[in-house]
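Values below: all heavy atoms of this structure, side chains included; hydrogens, waters and symmetry mates excluded. Proteins come first, then strands; the chains are lettered A, B, ... in the order of their sequence lines, and each starts at number 1.
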There are 2 protein chains.
Amino acid sequence: MMTEKRLATFLRREGYKITPQRRAILKAVAGAHDHLTPAALYERVQQAQPHIGLVTIYRTIQILEALGLICEMHAERTSRSYLLKRASEHHHHIICSSCGTVADVTHCGLDSLQQQLAKETGFEIDGHLLEFFGYCRHCQRLKSE
Amino acid sequence: MMTEKRLATFLRREGYKITPQRRAILKAVAGAHDHLTPAALYERVQQAQPHIGLVTIYRTIQILEALGLICEMHAERTSRSYLLKRASEHHHHIICSSCGTVADVTHCGLDSLQQQLAKETGFEIDGHLLEFFGYCRHCQRLKSE
DNA sequence: ATATAAATGATAATTATTATCAATTATAAT
DNA sequence: ATTATAATTGATAATAATTATCATTTATAT
Ligand SMILES: [Mn+2]
Ligand SMILES: [Mn+2]
Ligand SMILES: [Zn+2]
Ligand SMILES: [Zn+2]
């Protein structure tokens with residue numbers, strides 16, 4: 001499990017300075033159980049760092065993403081969300097097209113396909129994004145009424 | 001294969017009017033071999049319909065997407081691209097994180113997982129988005145220099 | 001030919017994201 | 001503890017994508 005401290009250590013090792021702002025962001029990310037948009041993360045971090053700028057959130061997200069510490073979700077049409085990556089587990093989603101409810105998928109079995117595709121295409125593949133779309137139980141009922 | 005005419009028939013059947021603008025868009029979509037952003041589609045359609053508005057492009061894309069006639073690609077960070085859906089084939093991508101080169105993937109073997117997840121989660125799943133990320137041959141060389 | 005609802009396009013409004021840049025600060029070296 | 005340095009920050013502006021409004025036009029059924 002990635003705690004704020006471990007994340008900080010990781011960043012420091014990569015040459016990034018550990019500022020109070022970053023510490024607060026790391027804490028928020030480590031403590032979140034759901035996916036957070038940059039704006040949502042901003043709100044949470046503001047409790048600890050009232051004067052932090054939204055830009056700093058974006059910049060830190062970029063770093064965490066580049067280091068592979070968080071994973072991205074394309075849920076709503078416009079914005080993106082992020083969640084701390086769990087070690088060695090895949091993290092994918094089933095998203096309800098009607099209400100936006102999200103279910104997690106931790107096993108996809110795509111590793112072998114990924115390797116095969118790497119061979120076939122010559123790409124060095126380092127990850128994948130997988131999302132299922134559909135309707136949750138609740139919205140299925142509403143539809144059929 | 002979906003031609004302009006078949007797409008038009010499909011739309012008409014769904015209650016949409018067939019305007020010259022839509023016809024031009026359908027033609028462009030049917031004739032495209034690559035993925036098109038709304039802006040790129042706009043440019044192409046302007047040859048046949050010089051006075052068409054970009055908004056009309058967006059609106060038509062929305063319809064085609066809702067009817068499942070085109071599929072979406074999340075390639076660059078900001079914008080989306082679309083391509084005509086081929087019957088019964090999956091359409092996924094390997095995208096080079098460095099130069100943006102795209103390779104197609106038409107088989108993913110996710111149907112069984114999709115069914116299993118539908119059972120487990122209660123979702124009625126009607127599709128998925130799968131994208132691989134990595135580096136194409138060319139960019140691998142550049143990296144190692 | 002006419003009625004009607006749908007579609008269009010000009011335009012403005014929203015949003016998300018990125019760029020600039022002067023002021024601040026974490027960190028390492030002294 | 002001071003100091004030097006480059007990284008970081010945040011205020012602000014700039015970009016860019018997408019969506020909303022609304023008066024006008026038009027496809028289609030009658
Ligand atoms: Mn999740
Ligand atoms: Mn493709
Ligand atoms: Zn996976
Ligand atoms: Zn598939």
Side-chain angles (χ1 to χ4, degrees), chain A residues 4-5 7-28 35-67 70 72-82 100, chain B residues 4-5 7-29 35-43 45-67 70 72-82 100:
Chain A
E4 173 201 343
K5 276 207 172 153
L7 287 171
T9 306
F10 203 109
L11 288 203
R12 194 179 285 115
R13 203 174 284 147
E14 296 285 332
Y16 293 101
K17 294 181 177 175
I18 302 306
T19 65
Q21 291 92 336
R22 284 188 178 159
R23 228 186 282 275
I25 294 175
L26 297 182
K27 187 173 185 181
H35 290 252
L36 297 176
T37 60
L41 189 54
Y42 182 45
E43 276 188 27
R44 297 205 184 181
V45 172
Q46 274 181 321
Q47 310 203 347
Q49 291 287 321
H51 294 299
I52 197 171
L54 177 56
V55 213
T56 300
I57 306 285
Y58 273 103
R59 284 190 285 231
T60 309
I61 285 179
Q62 260 185 353
I63 295 172
L64 294 176
E65 203 192 2
L67 297 179
I70 55 176
E72 195 178 320
M73 172 170 92
H74 285 261
E76 297 123 49
R77 320 234 20 115
T78 51
S79 117
R80 312 188 278 262
S81 314
Y82 300 89
Chain B
E4 174 200 340
K5 275 206 171 156
L7 289 171
T9 305
F10 202 110
L11 287 202
R12 193 179 286 116
R13 204 175 282 147
E14 296 286 331
Y16 294 102
K17 295 180 177 177
I18 302 305
T19 65
Q21 291 91 336
R22 282 186 178 163
R23 227 187 283 275
I25 295 174
L26 297 182
K27 187 173 184 179
V29 168
H35 291 251
L36 296 177
T37 60
L41 190 53
Y42 183 44
E43 275 188 28
V45 172
Q46 275 181 322
Q47 310 203 348
Q49 291 288 322
H51 294 300
I52 197 171
L54 176 56
V55 212
T56 300
I57 305 286
Y58 272 103
R59 283 189 286 231
T60 309
I61 285 178
Q62 259 186 351
I63 296 172
L64 294 176
E65 203 191 2
L67 297 180
I70 55 177
E72 196 177 321
M73 170 171 95
H74 285 261
E76 297 122 50
R77 319 234 20 116
T78 53
S79 118
R80 310 188 278 263
S81 315
Y82 300 89

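One interatomic measurement links the two molecules: CG of Leu26(A) to P of dT8(D), which rounds to 13 Å at whole-angstrom precision. The nearest whole Å value for the distance from the CD atom in Gln49(A) to the C1' atom in dT25(C) is 13 Å. If you measure from atom CZ of Arg23(B) to atom C1' of dT28(D), you get 13 Å, rounded to the nearest angstrom. Spacing between atom CD1 of Ile61(A) and atom P of dA16(C) amounts to 13 Å, rounded to whole angstrom units. When rounded to the nearest whole Å, the span between CD of Glu14(B) and P of dA7(C) equals 12 Å. Note: CD1 (Ile57(B)) to C1' (dG9(C)) measures 12 Å, nearest angstrom. In this structure, Lys17(A) atom NZ and dA28(C) atom C1' are separated by 9 Å, rounded to whole Å. Atom pair Ile25(B):CD1 and dA7(C):C1' shows a separation of 11 Å (rounding to whole Å applied).
Closest to the side chain of Gln62(A), out of dA7(D), dT18(C), dA7(C), is dT18(C). With dT8(C), dT26(D), dT17(C) as the candidates, the nucleotide lying closest to the side chain of Pro38(A) is dT17(C). Picking from dG9(C), dA27(D), dT17(C) the nucleotide with the shortest atom distance to the side chain of Leu54(A) gives dT17(C). Minimum atom distance to the side chain of Tyr58(A) is reached by dA16(C), of the listed dA16(C), dA7(C), dA26(C). Each of dT9(D), dT28(D), dA7(C) was ranked by its minimum atom distance to the side chain of Tyr16(B); first place goes to dA7(C). Listed candidates were dG9(C), dA27(D), dA26(C). Nearest to the side chain of Ile52(B) is dG9(C). For Val55(B), counting side-chain heavy atoms from C-beta on, the closest listed nucleotide (dA27(D), dT18(C), dT11(C)) is dT11(C). Checking dT8(C), dA7(D), dT19(D) against the side-chain heavy atoms of Arg22(B) singles out dT8(C) as nearest.
Closest approach of Val45(B) to Ala28(B), counting heavy atoms only: CG2-CB, 3.8 Å.
Between Arg59(A) and Ala39(A), the residue anchored nearer the 5' end of DNA chain C, judged by the nucleotide with its closest heavy atom, is Ala39(A).
The distance from atom NZ of Lys5(B) to atom NZ of Lys27(B), rounded to the nearest 0.5 Å, is 11.0 Å.
When side chains are defined from C-beta on, Ile18(B) does not count as touching Thr9(B), because their heavy atoms never get closer than 4.5 Å.
Under a cut-off of 6.0 angstrom, the local environment of CD in Glu14(A) is crowded, with over 12 non-hydrogen atoms contributed by other residues, nucleotides or ligands.
Neither OP1 nor OP2 of dT8(D) sits under 4.0 Å from any side-chain N or O of Gln21(A). Distances shown here put every side-chain N or O of Thr19(A) at or beyond 4.0 Å from the OP1 or OP2 atom of dT25(C).
Checking Gln62(A) against Tyr58(A) by side-chain atom types alone, no donor-acceptor pair falls below 3.5 Å.
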